[in-house]
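Lettering of chains follows the sequences in order, A, B, ..., and the numbering in each one begins at 1.
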There are 2 protein chains.
Amino acid sequence: MRSLDLFQTHEAAELELVQSLKRRDMRLAVGQALIQEGQVDAPLYTLQSGWAFRFKTLSDGRRQILNFLLAGDFIGVQQKMGDAAAHGVETLTDAVFCVFQRDSLWEIHRRSPSMGFNITWLTAHEESLVDDTLLSVGRRSAEERIAMLLILLFKRAAALQADAGAKGVPFPLTQQHVADALGLSLVHTNKTLRKLERRGLHHIGDGRLYMRDVKALARLADLYGDGRPPVRPLV
Amino acid sequence: MRSLDLFQTHEAAELELVQSLKRRDMRLAVGQALIQEGQVDAPLYTLQSGWAFRFKTLSDGRRQILNFLLAGDFIGVQQKMGDAAAHGVETLTDAVFCVFQRDSLWEIHRRSPSMGFNITWLTAHEESLVDDTLLSVGRRSAEERIAMLLILLFKRAAALQADAGAKGVPFPLTQQHVADALGLSLVHTNKTLRKLERRGLHHIGDGRLYMRDVKALARLADLYGDGRPPVRPLV
DNA sequence: CGAAATGTTGACTATATTCAAGGCAAGTGG
DNA sequence: CCACTTGCCTTGAATATAGTCAACATTTCG
């Protein structure tokens, strides 16, 4: 995984440090909770393979997905020691996580400023993903939101595999997940998704997403730039 | 400012480091841009006094406010060196900023792991504010969103002054800002605000916000906990 | 004092939600 | 192997929340 173009190469000392802090691997099946909302002293994790998502819920059950987690994402920086988790994390596929003790966060900063810096960067980067979503949910129409989501997820997933163009990328979300990520109702999500698909902009089937007209989607989403995800550190 | 309960006390060495990296003070009047959307290599800032906000816009002018910045907030971690700013920052009042060179971020990590750790924490904390807003915008009704915003801003502003209960707190936002922060239209924001005010939940006047019935607002917003903002580092 | 920005309100419209019903595919247990 | 359940997708109809348009009041500021 470290060999992918998406990830920086790190120095031996950095890798050793991270290895030494790693507690164990953890495997979860689809639809399992990694962190419960409100859980105290949850450990830190790196997602090694599979998909997951962070979310919050209101007391009557309304749910908002905050962002999707793919291989390489670092999980749990938000809570201070002793804090309750402000959001839950749940898997979208079978997934493998790398588990760290809560105080590893401090150990990493103390023993490797460069890795500490990387963690700051990863955190800031995740925030900017949430910023993007907030712009979508606050100011884009349903069509635009969906176009945006498809493009962003496609780009992120494509960066983790070789030939996304032909084979598409994995798409383990149900329409309910899409709805909860975009602040839409399930029904409206379905109708909008179908509309875009009928227009030939994309296709979803067999758990995979195929982009049929990225340009049109990008125009819809008012999205510029090549949008290739930036090269990033991997803890 | 450092003497406020809201802020941690830092060691002399840490403060010295920060002082040595500080370039200068910068004063801006109301409604001025601190960072333009798309600006490259913007410096880092700490907001010393006054209010500001981060935002993004779509090409047709629709604007989403990502969060509000109050004294003590650290600005600009999101962009990597050489990157374009993904969001703009603009003042809501006259404001004073403390300016740092872009590479201070790395210097802080290198020379003081504990301050590096603090920056990670501040970044993660800001993300969790955006998370909260995303939940509001995605899943709360207009009334609920406004209740939420009023409570959160009140608590943050109250933590920076002595007796918020009687005097209220400064409230420099126009209704357009409220609308842009919550993903609502200006007109609907106005009507909802008036409705809550007529019900006696709050009062806004002369640029100040007075809470008349925090309990009712908290119930509306489905918000638990004492919600006192956590003690935080100050860079 | 006049211009510009902000706040307020009513009427109309539209986007998105809710309700309801049915289809399809996969999994389960008899 | 087949009935039955369950989860997910799909669609139409009725409804509601929020947006748009328009006009006017009020405040701020040069």
*Mind telling me whether Tyr45(B) and Phe97(B) have parallel, tilted or perpendicular rings, with 30° and 60° as the class edges?*
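Rings of Phe97(B) and Tyr45(B): perpendicular, over 60°.
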*Parallel, tilted or perpendicular for Phe55(B) and Phe53(B), by the 30°/60° rule?*
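Taking Phe53(B) first and then Phe55(B), their aromatic rings sit tilted (interplane angle of 30° to 60°).
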Residue list, side-chain hydrogen bond (donor to acceptor under 3.5 Å, both in side chains) with [X], at least two apart or on another chain:
{"X": "His188(A)", "result": "none"}
{"X": "Arg199(A)", "result": "Glu143(A)"}
{"X": "Glu197(B)", "result": "His203(B)"}

Using the 3.5 Å cut-off, write out each protein N or O paired with an N or O of nucleotides 21-26 of chain C and the distance between them.
none

*Starting from the 5' end of DNA chain D, give me the residue, Arg198(A) or Arg139(A), whose nearest nucleotide shows up first.*
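Nearest nucleotide further toward 5': that of Arg198(A).
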Expressed as a whole number of angstroms, how long is the span from [X]:[atom1] to [N]:[atom2]?
{"X": "His188(B)", "N": "dT13(C)", "atom1": "NE2", "atom2": "C1'", "answer": "14 Å"}
{"X": "Asp206(A)", "N": "dC9(D)", "atom1": "CG", "atom2": "P", "answer": "13 Å"}
{"X": "Ile204(A)", "N": "dC8(D)", "atom1": "CD1", "atom2": "P", "answer": "15 Å"}
{"X": "Arg140(B)", "N": "dA16(C)", "atom1": "CZ", "atom2": "P", "answer": "21 Å"}

_Test: side-chain hydrogen bond (donor to acceptor under 3.5 Å, both in side chains). Region: residues 131-140 of chain B. Which pairs qualify, not counting sequence neighbours?_
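Pairs touching residues 131-140 of chain B that pass the test: Arg54(A)-Asp131(B), Lys56(A)-Asp132(B), Asp180(A)-Arg139(B), Ser136(B)-Arg140(B).
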Protein-nucleotides 4-8 of chain C N/O pairs under 3.5 Å:
unit_1, atom_1, unit_2, atom_2, d
dG7(C), OP2, Gln175(B), N, 2.9
dT8(C), OP2, Gln175(B), NE2, 2.7
dT8(C), OP2, Asn190(B), ND2, 3.1

_Any side-chain to backbone donor/acceptor pair from Thr189(B) onto Gln175(B)? Under 3.5 Å, distance only._
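Absent.
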_Just to verify, which of Leu66(B), Ile65(B), Thr57(B) counts as forming a side chain to side chain contact (heavy atoms under 4.5 Å, CB included) with His87(B)?_
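Result for side chain to side chain contact (heavy atoms under 4.5 Å, CB included) with His87(B): Leu66(B).
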*Nearest-nucleotide pick for Ser185(B), side chain only, options being dG19(D), dA16(C), dT18(C)*: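 For the Ser185(B) side chain, the nearest candidate turns out to be dG19(D).
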